[in-house]
Amino acid sequence: MEQSDKRGHFARSADWTYPPTLERSDGYRRKRLGWEIAIVLLVSVGQSAIYSVVSFVRAATRAPISQQQTQLNPSRSAEPLWDAIYQFLDIFFSLALVALAVYLLWEPANNALRRIGLDFRRFGTDLTRGVLLVVLIGAPGIGVYAIGRAIGQSIAVIPAPLDSSWWVIALLILAALRAGLTEEVIFLGFLFDRLRRLGWSWTWIIVSTALLRGSYHLYQGWPSALGNVVMGLVFGWCYKRWGRVMPLVIAHTIIDIVAFVGYPLAAAWWPGIFAPTPAPSPTS
């Protein structure tokens, strides 16, 4: 049951308490947490953010942004069966990084999944909140991309085709779930806990993780990155207030399912906005 804290906030579930801040004198544990944060980021969302920034810089120094393309869930093999196997393995190993973050959060007699609210005890409430966030974030997100394309500042996003094999939609749904778990568990569940223990204020935690989330999506162009910063601010505020990552995972997964599965339909219905402009021939 949710309860009010001393400051009048509608705080997290009964399993949750604000992560304790380490004392300044506890240099060893603070240094260890710093290295832990760096390593987790370098093998997960931080690595992807660096590649995204480099990709955007490369795109900005080449042809006009509006003439360039990036692909969602690109094929890993020309043979459909092997492509499915590679895609599944990619999802599996990405989820292993989520498991690593949860493992590092685990403490004796303190279930990490319950502590960050990644369980099904309040699934009805979590689902309702998740759907409301989809309405709040998802629809404006489509508008941001459309505006970015209209002003020539968003890179054309090419969706995976839906008609290549019967298992494609199932893999796209798994990919959406992978994205929801990876971003929300690491950006919110893991980083919020670790940065709070290092003494960061809630404002700096929410803002810094939102900026990291935006850089993670910069490969799509700065309008999409800005939209994801706003999403990070909203999700960060909701996580601090609710104390549960599950509604945010639900919302993110639904948004990505719509993007991965619904985008090809939007490209067919509104090709002037969503269909990519043919990319220029590469030059040496």
Side-chain angles (χ1 to χ4, degrees), residues 9-10 41 44-46 48-53 55-57 59-60 65-66 70 72 116-117 126-157 176-192 195-196 200-260 262-263 266 273-274:
H9 292 148
F10 217 26
L41 289 181
S44 61
V45 294
S48 298
I50 293 172
Y51 274 117
S52 182
V53 172
S55 176
F56 176 75
V57 172
I65 292 291
S66 61
T70 188
L72 293 175
I116 67 174
D126 291 340
L127 180 61
T128 301
R129 288 172 168 174
V131 171
L132 289 175
L133 283 172
V134 171
V135 175
L136 178 66
I137 296 294
I142 296 174
V144 167
Y145 175 75
I147 293 172
R149 289 293 295 154
I151 65 176
Q153 294 299 311
S154 287
I155 295 174
V157 178
L177 178 61
R178 180 261 309 273
L181 285 169
T182 299
E183 294 187 38
E184 306 316 326
V185 170
I186 296 178
F187 282 131
L188 302 180
F190 178 78
L191 284 179
F192 269 49
L195 294 176
R196 185 62 181 173
W200 287 40
S201 70
W202 286 115
T203 298
W204 277 110
I205 292 172
I206 292 173
V207 171
S208 62
T209 53
L211 291 173
L212 180 59
R213 188 191 295 261
S215 66
Y216 183 85
H217 295 86
L218 192 58
Y219 71 96
Q220 297 177 3
W222 67 260
S224 293
L226 180 60
N228 276 276
V229 170
V230 174
M231 175 179 173
L233 293 173
V234 173
F235 276 29
W237 181 86
C238 289
Y239 180 62
K240 179 180 178 294
R241 187 173 181 85
W242 297 337
R244 294 188 58 78
V245 79
M246 180 62 86
L248 309 171
V249 171
I250 291 172
H252 194 137
T253 300
I254 293 174
I255 290 171
D256 278 5
I257 288 174
V258 172
F260 296 168
Y263 187 92
I273 296 177
F274 293 98

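Quick caveat, the model's predicted, so the values are computed rather than measured. Residue numbers count from 1 along this sequence.
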Got a second to check how far [X]'s [atom1] is from [Y]'s [atom2], nearest 0.5 Å?
X    : Y    : atom1 : atom2 : value
L133 : T128 : CG    : OG1   : 11.0 Å
R129 : W242 : CZ    : CH2   : 5.5 Å
K240 : L188 : NZ    : CG    : 13.5 Å
C238 : L136 : SG    : CG    : 7.5 Å
Q220 : Q153 : CD    : CD    : 14.5 Å
F56  : W222 : CZ    : CH2   : 9.0 Å

Listed pairs under 3.5 Å, donor-acceptor, residues 204-214 side chains, sequence neighbours left out:
residue	atom	partner	partner atom	Å
S208	OG	W204	O	2.7
S208	OG	I205	O	3.2
T209	OG1	I205	O	2.7
T209	OG1	I206	O	3.1
R213	NH1	E184	OE2	2.8
R213	NH2	E184	OE1	2.9

Side-chain donor-acceptor pairs under 3.5 Å in residues 227-236, sequence neighbours left out?
residue	atom	partner	partner atom	Å
N228	OD1	H217	ND1	3.4
N228	ND2	S224	O	2.8

Query raised in the report: Are the side chain of S154 and the backbone N or O of G221 linked by a donor-acceptor pair below 3.5 Å?
Result: no

**Report entry** Sidechain-backbone polar pair: S52 side chain, L218 backbone, donor-acceptor under 3.5 Å
**Finding:** yes

Query raised in the report: Looking at residues at least two apart in the chain, or sitting in another chain, which of them share a side chain to side chain contact (heavy atoms under 4.5 Å, CB included) with T253?
Result: A176, L177, V249, I257

Query raised in the report: Side chains of L41 and L191: closer than 4.5 Å at any heavy-atom pair?
Result: yes

**Report entry** Sole candidate of F192, F187, W202 that passes ring-ring contact (aromatic ring centres under 6.0 Å, His included) when paired with Y239
**Finding:** F192

